[in-house]
Amino acid sequence: MTLEEFRYIVDIKKVLEFTYKGKVYNLRYGSDEKGEYLRFGEQFLEKNYYSLGEFLNTARVENSFFKDLLEIL
């Protein structure tokens, strides 16, 4: 998946679920008093990110940044 394809998925708020090294990861969306967020992480251990930039710069899968793994998803 390219970065542009991923941005489109986020724009249309498509749920993304994948398995990496036997662990299930989810990307979902929501909102709270702080605003809209992307909720990402290992199943039941998700974290909220309030912007795509924050997500791309800090979200991790194992010891790698999510953005570095886009090509294999």
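By convention here, the first residue in the shown sequence is residue 1.
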N26/V15 under side chain to side chain contact (heavy atoms under 4.5 Å, CB included): CA gap, chis, key distance, verdict: CA-CA 7 Å; N26 297 300; V15 172; 5.8 Å; no

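- Expressed to the nearest 0.5 Å, how far NZ of K67 lies from OG1 of T58 amounts to 9.0 Å.
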Starting from the C-alpha separation in whole Å, work towards a yes-or-no answer on side chain to side chain contact (heavy atoms under 4.5 Å, CB included) for V61 and D68. CA-CA 9 Å; V61 175; D68 295 336; over 6 Å; no

Passes side chain to side chain contact (heavy atoms under 4.5 Å, CB included), L56 versus F65? Steps please. CA-CA 8 Å; L56 291 172; F65 285 107; over 6 Å; no

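- Contact annotation: the side chain of R60 never approaches that of F66 to less than 4.5 Å [non-hydrogen atoms, C-beta and beyond].
- There is no path of hydrophobic side-chain contacts, each under 4.5 Å, that joins L73 to Y8.
- Proximity of K23 to Q43: side-chain heavy atoms (C-beta onward) are nowhere separated by under 4.5 Å.
- For the atom pair K21 NZ and E62 CD, the distance stands at 5.5 Å (nearest 0.5 Å).
- In this structure, Y25 and F40 have parallel ring planes: the angle between them is below the 30° cut-off, well short of the 60° mark.
- Proximity of Y49 to K47: side-chain heavy atoms (C-beta onward) are separated by under 4.5 Å at one or more points.
- Between L3 and R7 the shortest side-chain heavy-atom distance falls below 4.5 Å.
- G41 approaches E46 most closely through the heavy-atom pair N-CG, 3.8 Å.
- From E4, atom CD reaches atom CG of D11 across 11.5 Å, with rounding to the nearest 0.5 Å.
- Around OH of Y29, the count of heavy atoms belonging to other residues, nucleotides or ligands within 6.0 Å exceeds 12.
- Within the 4.5 Å cutoff, the side chain of E17 has heavy atoms near those of the R28 side chain.
- Under the 3.5 Å distance criterion, with hydrogens and angles disregarded, a donor-acceptor pair is assigned to the side chains of Y50 and D32.
- Side-chain contact check for L27 versus F6: some heavy-atom pair is nearer than 4.5 Å.
- Contact annotation: the side chain of L38 approaches that of V10 to within less than 4.5 Å [non-hydrogen atoms, C-beta and beyond].
- In this structure a side-chain-to-backbone donor-acceptor pair under 3.5 Å is present from S51 to E54.
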Give the C-alpha distance, both sets of side-chain angles, the deciding distance and a yes or no for side chain to side chain contact (heavy atoms under 4.5 Å, CB included) between I72 and Y20. CA-CA 10 Å; I72 63 171; Y20 183 77; 3.8 Å; yes

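- Atom CZ of R39 has more than 12 neighbouring heavy atoms from other residues, nucleotides or ligands inside a 6.0 Å radius.
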